[in-house]
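First the proteins, then the strands, lettered A, B, ... as listed; each starts at 1. All values reported here derive from a predicted model rather than from experimental measurement.
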2 protein chains.
Amino acid sequence: MDEYVDLLKTNDLKITHHRLAILKYLDDHRTHPTAEEIYQHLKKTNPGLSRTTIYNNLETLSDSHIIQRLTICPTEHRYDFNIGMHHHFICKECGDIIDVDFQCPTVSSIKKHVADQGHRIEEVHGYFKGICKDCLEKKRREQSE
Amino acid sequence: MDEYVDLLKTNDLKITHHRLAILKYLDDHRTHPTAEEIYQHLKKTNPGLSRTTIYNNLETLSDSHIIQRLTICPTEHRYDFNIGMHHHFICKECGDIIDVDFQCPTVSSIKKHVADQGHRIEEVHGYFKGICKDCLEKKRREQSE
DNA sequence: TTATTAAATTGTAATGATTCCAATTTAATA
DNA sequence: TATTAAATTGGAATCATTACAATTTAATAA
């Protein structure tokens, strides 16, 4: 838990119960949850919790680059405790977002290309859209019935 | 204009005035417009046009892969006439989306890696977030005042 | 420990993109 | 020209997110 305290301190953010709880939840659930999922979970042990607090803090934590906001989902934002550069796969069927554990060696040269145009890069995102393994298998089972 | 007719015919979609107008607008405006921008423009020459028609057709055209929907913007969808694989740069300041003309040679091997996990890939997206050249210059000018 | 203050939290209301739906119109076909 | 499935329409509904003003609290200094 001290790890989260340090993260907040380093970024000059006040240590609040909610922030620690949000960080712990995201650290424990690497499924790229939505604000609503986080809210529903934390509300159980903290009935007075406001949805706005979740939104405020997810923004604050994202702005401080303690977590990262994924905007690859068409309907809602998703949040990731892992701020290291990594790609994602998003399933059009079930909406799951899966980490792609494959470093792209070309990124640095593309970044250089973009920077050479005069733009300042702050984030790099790569993702694939399609149908995940589980949903494909479910479909196959349904068809062979 | 026949080009657009062919696109629709090939995909077994009815040839309607609105669809042709949407395709022409997207072809002429490679700025990745929003549904609202397209609606506002086409309404000028077609007052009876409904916003829902724009939404319906953008979905239909995206589903048929005649155009592509970009979901990289946190607040709204953007649409691209260019369905060829290409990356984007999105400015956090002005919201502009700029094409990145740089083919990533690594894509095929990452795709293979993801496919080997059992997932089916249908779309590939890469984008950078940051501050564009124009906004950087504007900021510099403001600071030196 | 206590007082101070800027920041965090709260709940409600507002926003705004998108979708839903039922009625009407139209493009494609026979 | 008649038929019909698909497209269009407009208004209502949805739902994630934001705005806001009042209240509470974490951090700091006395």
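Residues T34(A) and I38(A) have side chains not in contact (no heavy-atom distance under 4.5 Å, counting atoms from C-beta outward). Looking only at side-chain heavy atoms (C-beta outward), D80(A) and H88(A) come within less than 4.5 Å of each other.
What separates CD of E76(A) from C1' of dG16(C) is a distance of 17 Å, to the nearest Å. Summarising the geometry, the separation between CG on L49(A) and C1' on dG11(C) is reported as 12 Å, rounded to the nearest angstrom.
In summary, the side chains of H32(A) and D99(A) do present a donor paired with an acceptor at a separation below 3.5 Å, with no hydrogens or angles considered. Of the N and O atoms on the side chains of D101(B) and H87(B), not one donor lies less than 3.5 Å from an acceptor on the other residue.
When each of T75(A) and H17(A) is assigned the nucleotide of DNA chain D with its nearest heavy atom, T75(A) is the one assigned upstream, toward the 5' end. Each of E36(B) and L13(B) has a nearest nucleotide on DNA chain C; the 5'-most of these lies closest to E36(B).
The ring pair (Phe, Tyr, Trp, His ring centres under 6.0 Å) contacts involving residues 119-145 of chain B comprise F89(A)-H119(B), H125(A)-Y127(B), Y127(A)-H125(B), where partners must be two or more places apart or lie in separate chains. Within the structure, the ring pair (Phe, Tyr, Trp, His ring centres under 6.0 Å) test picks out the following pairs touching residues 90-110 of chain A (sequence neighbours left out): F102(A)-H113(B).
Here Y25(B) pairs with H29(B), H41(B) under the ring pair (Phe, Tyr, Trp, His ring centres under 6.0 Å) rule; sequence neighbours left out.
Within residues 51-70 of chain A, the residues that place at least one heavy atom under 4.0 Å from DNA chain D are, in residue-number order, T52(A), Y55(A).
Within the 3.5 Å criterion, the main-chain N or O of A115(B) finds no donor-acceptor partner in the side chain of R120(B). Between the side chain of R19(B) and the backbone N or O of K14(B), at least one donor-acceptor pair lies under 3.5 Å. Formation of a donor-acceptor pair under 3.5 Å by the H18(A) side chain with backbone atoms of T16(A) is not found in this model.
A salt bridge links K92(B) with E123(A); the closest basic N to acidic carboxylate O contact falls under 4.0 Å.
Neither OP1 nor OP2 of dA17(C) sits under 4.0 Å from any side-chain N or O of H77(B).
Taking 4.0 Å as the cutoff to heavy atoms of chain A, we find the contact window on DNA chain D bounded by dA16(D) to dA27(D).
Consecutive Watson-Crick or G-U pairing (both distances under 3.5 Å) extending over three or more pairs maps onto DNA chain C as C:1-30 with D:1-30.
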